[in-house]
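Worksheet for the structure shown next.
We count ligands from 1, going down the list as the structure has it; atoms in each ligand are counted the same way. Quick caveat, the model's predicted, so the values are computed rather than measured.
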Amino acid sequence: MRRVEESRLKSHSEGHIVLLAPMTGLVVPLANVPDPVFSGGMFGDGIGIDPLEGKLVAPCDGVVMHLARTGHAVTITTAEGAEILLHIGIDTVELNGRGFAPMIEQGAAVRTGDVLIEFDQDVVARNAPSLVSVIAIANSDAFGIVERADSGTLKAGQSPLLTLRAKDGAAVAASREASSVSEEARQSIVLEHAGGLHARPAARAREAARGLDARVEVRFDGKKAAIESVVGLLGLGAGQGATVEIVGIGAQAQAAVDAVVRELTREAHGEAEEKPARQMSPAPVTAVRPQGADSLAPNTLAGVCAAPGIAVGKLVRWDDADIDPPETTGNTPAAESRQLDKALAAVDAELNTTVRDASQRGAHGEAGIFAVHRVLLEDPTLIDAARDLISLGKSAGFAWRETIRAQIGVLSKVDDALLAERAADLRDIEKRVLRALGYSNAAARSLPDEAVLSAGEFTPSDLSSLDRKRVTALVMARGGATSHAAIIARQAGIPALVAMGDALHAIADGTQVVVDATAGRLEYAPSALDVERARSERERLAGVREANRRTSQQAAATRDGRAIEVAANIATLDDATTAVDNGADAVGLLRTELLFIHRQAAPTVDDHRQSYQSIVEALQGRTAIIRTLDVGADKEVDYLTLPPEPNPALGLRGIRLAQVRPDLLEDQLRGLLAVQPVGKVRILLPMVTDAGELVRLRKRIDELSAESGRTDKIEVGVMIEVPSAALLADQLSKHADFLSIGTNDLTQYTLAMDRCQPDLAAQADGLHPAVLRLVSAAVQGAEKHGKWVGVCGALAGDPLAVPLLVGLGVTELSVDPVSVPGIKARVRNLDYQLCRQRAQDALALESAQAVRALSREIWPQD
Ligand code: PEP
Ligand code: MG
């Protein structure tokens with residue numbers, strides 16, 4: 001701090017401006033502020049403070065140029081023209097004023113140390129990603145920071161924080177000008193995002209412009225929408241490839257336009273809400289229309305399987321569109337307006353809990369969906385329109401419903417399937433708010449014991465509030481691979497069909513139906529015999545599952561004695577418990593990136609150690625193969641803002657990330673090596689391409705191991721998920737203790753088919769003979785050095801693949817925890833010698849379909 005004190009003494013004589021700390025707290029360098037918008041300097045150069053008290057004071061004399069409506073941020077202009085942005089916490093605009101009490105008004109003159117905003121630290125800490133606050137020089141082009149506090153605890157209004165100096169006289173004059181004159185900035189851009197200006201980039205763009213003193217709108221095709229209104233932006237209908245113009249007016253117009261442009265041109269891969277197939281689920285469900293759909297029996301409809309299974313039940317039209325609030329009540333508009341506020345707040349709180357629960361369960365796709373709903377809920381276009389109707393004497397419920405319907409009408413005219421799909425999100429918040437206002441659809445609530453729910457398309461909240469014990473299946477006229485309902489149905493294990501067409505609506509409520517989701521069929525008004533067959537098939541499958549469970553704790557071997565370890569792929573502590581309950585012999589793959597996905601900062605050595613330690617303990621003596629961070633491509637984590645790459649799947653992912661962030665891997669390895677007991681952990685390295693990479697990493701692991709005082713060597717395995725690794729397996733096996741084949745990526749890279757592309761899901765089949773030949777090459781390479789080979793990709797859990805993988809010499813299959821009992825049972829029914837012969841035959845076939853047909857014929861499924 002001495003450097004700063006000295007400069008403060010000199011400040012007047014040299015035209016320096018000294019800013020004192022506006023908060024009591026700890027210094028956080030700007031680069032470490034857990035928000036890329038700030039740490040990347042988008043709001044200007046500055047510094048962070050982790051506050052210890054809930055008070056923000058003026059760091060200098062000046063005028064309050066801008067006070068955020070939500071009370072979480074303020075900008076002060078000094079007499080010299082420097083514009084100081086003070087922003088409390090991260091993403092706190094989302095709190096919508098909750099927890100903040102501004103003590104001044106916009107335009108007020110303030111003196112150093114005056115209290116600007118008081119805030120409730122607990123409320124902010126509980127509801128925002130971080131309390132770390134930012135002091136940024138908004139006009140950094142005109143003022144540079146010459147000194148900054150570099151560490152330690154600061155006292156509000158006392159400790160020097162930053163010293164600024166005008167860059168040159170002209171710049172200051174220009175800056176003053178800019179503050180008082182309304183500037184205009186414009187930029188046209190082409191939307192490269194898949195899906196165009198969809199909900200998430202719209203929400204991000206809104207947020208980027210929020211702290212800046214400028215009005216921003218987006219123009220497209222003769223229409224325009226304010227950046228604050230996500231529904232307005234969606235309503236523009238600007239799809240992928242559209243050219244939109246961003247227009248800003250105000251003192252910070254250019255910065256605001258730049259911020260919005262940056263968000264809208266950012267690479268948009270990995271967006272769960274629009275592209276469910278890009279979630280981290282290792283086994284994307286293959287959405288294929290059943291073969292022979294054209295030759296269906298007369299009382300049968302075809303659909304696309306969204307979640308497999310078979311069910312019998314009574315069709316129930318689940319259509320909350322029928323919630324019909326009265327147009328007026330006897331209340332005054334003020335009372336109705338308050339009702340609406342209360343309902344919106346209740347729904348917001350409910351959604352907040354849902355987002356948090358979903359994140360904790362690791363259901364990140366689901367969390368993303370509901371996070372977008374929260375943004376829609378505070379959309380000024382919707383709220384203002386509803387208030388207008390209320391002021392005309394309408395009830396809160398009626399006003400809300402009409403407003404949403406009008407907006408859905410706008411979206412349905414948009415010529416873009418993905419944007420039009422967002423109408424489902426609006427319908428969802430319509431229903432939630434109507435329910436919070438006390439309205440319901442009683443008919444839909446009372447379900448028969450076996451209900452097959454039918455709708456045009458289910459909204460996510462329909463499914464989160466379902467009585468899942470009574471619902472045997474879900475069927476939808478619309479929907480598809482990008483439908484949120486499909487993702488949630490899969491996660492809940494309810495058989496579901498989508499895209500059945502409007503013929504579905506012609507089936508009367510209460511009609512008995514048989515849904516064979518696996519086969520993509522719904523049979524209505526079935527004969528007693530068909531119902532009987534379906535029921536007994538369902539029961540038989542349940543019986544098989546139960547029998548498998550009973551033997552699941554025993555090791556599995558083929559009939560002729562070949563032992564096969566059936567392990568589990570896990571991502572969380574809960575998964576570890578499920579794995580043990582289901583009889584997993586070990587953990588064959590712990591995907592560590594999922595443990596740390598929603599953090600604001602990279603995990604520390606101790607975070608790593610603790611997470612793995614608790615998982616190892618939950619495994620009660622079983623071994624865990626822990627894979628080092630495999631981020632990049634389809635796996636994104638919040639704390640890494642990786643530069644956009646033209647081909648992320650071919651870029652800095654897996655161990656390649658260590659080329660740019662070696663610290664991440666080192667910290668993880670240190671944490672891993674500290675887990676006890678030492679023999680229960682093995683390390684698995686993702687995306688290895690050749691022996692050179694492995695030798696380097698192995699050497700570093702051995703050094704870190706020695707540093708940590710370990711005397712024994714930890715086992716290190718290599719993922720075989722790149723064709724080069726499979727072809728060079730003999731070289732890799734010289735240095736590795738085992739190989740684990742990642743068939744998800746191996747298939748993607750062998751067939752050049754993006755594993756996240758729903759249209760290719762049916763073709764990107766790991767049973768393709770080319771992939772099987774690489775599996776065979778990997779096993780042969782490993783055998784030369786006496787090393788074992790496992791498979792941890794989704795193929796290991798595919799009953800038709802199991803005999804072939806066993807036949808090719810794989811001795812470990814690592815599958816979803818719930819699949820362990822079934823796969824063990826499958827192994828026990830095999831004859832290893834037969835598997836060996838027939839696996840060689842499969843290598844000579846010409847397509848994945850041919851391989852599947854062969855397997856089905858020799859080893860029919862239970
Ligand atoms: C794989 O690629 O098969 C694999 C198991 O890894 P992930 O699915 O996590 O990429
Ligand atoms: Mg992989």
| In ligand 1, which numbered atoms sit nearer than 4.0 Å to a non-hydrogen atom of Cys792? | 5 (C)
| Does a side-chain N-to-carboxylate-O contact under 4.0 Å join Glu666 and Arg700? | yes
| said: Less than 4.5 Å apart, side chain to side chain, heavy atoms only: is that true for Gln659 and Leu652? | reply: yes
| said: So that I can tick it off, tell me whether Arg609 and Asp606 are bridged by a salt bridge, with the cut-off set at under 4.0 angstrom between side-chain N and carboxylate O. | reply: yes
| note | Among the N/O/S atoms of Asp745, the Mg ion (ligand 2) lies closest to OD2
| field | Test: Asp737 and Arg698 ion pair at under 4.0 Å | value | yes
| query | So, are Arg852 and Asp798 salt-bridged, with charged N and O less than 4.0 Å apart? | reply | yes
| field | Pair Asp630 + Arg653, salt bridge at N-O below 4.0 Å | value | yes
| Atom indices of ligand 1 within 4.0 angstrom of Met719 heavy atoms, with elements | 4 (C), 5 (C), 6 (O)
| said: Need the atom name: nearest N/O/S atom of Glu721 to the Mg ion (ligand 2). | reply: OE1
| field | Side chain, backbone, both or neither: Leu589 near ligand 1, heavy atoms under 4.0 Å | value | side chain
| task | Return yes when Gln748 approaches ligand 1 closer than 4.0 angstrom through a heavy atom, no otherwise. | result | no
| message | One residue to check: Arg627. Relative to ligand 1, which of side chain, backbone, both or neither has a non-hydrogen atom less than 4.0 Å away? | response | side chain
| query | Within the structure, does Glu721 bring an N/O atom to less than 3.5 angstrom of an N/O atom in ligand 1? | reply | yes
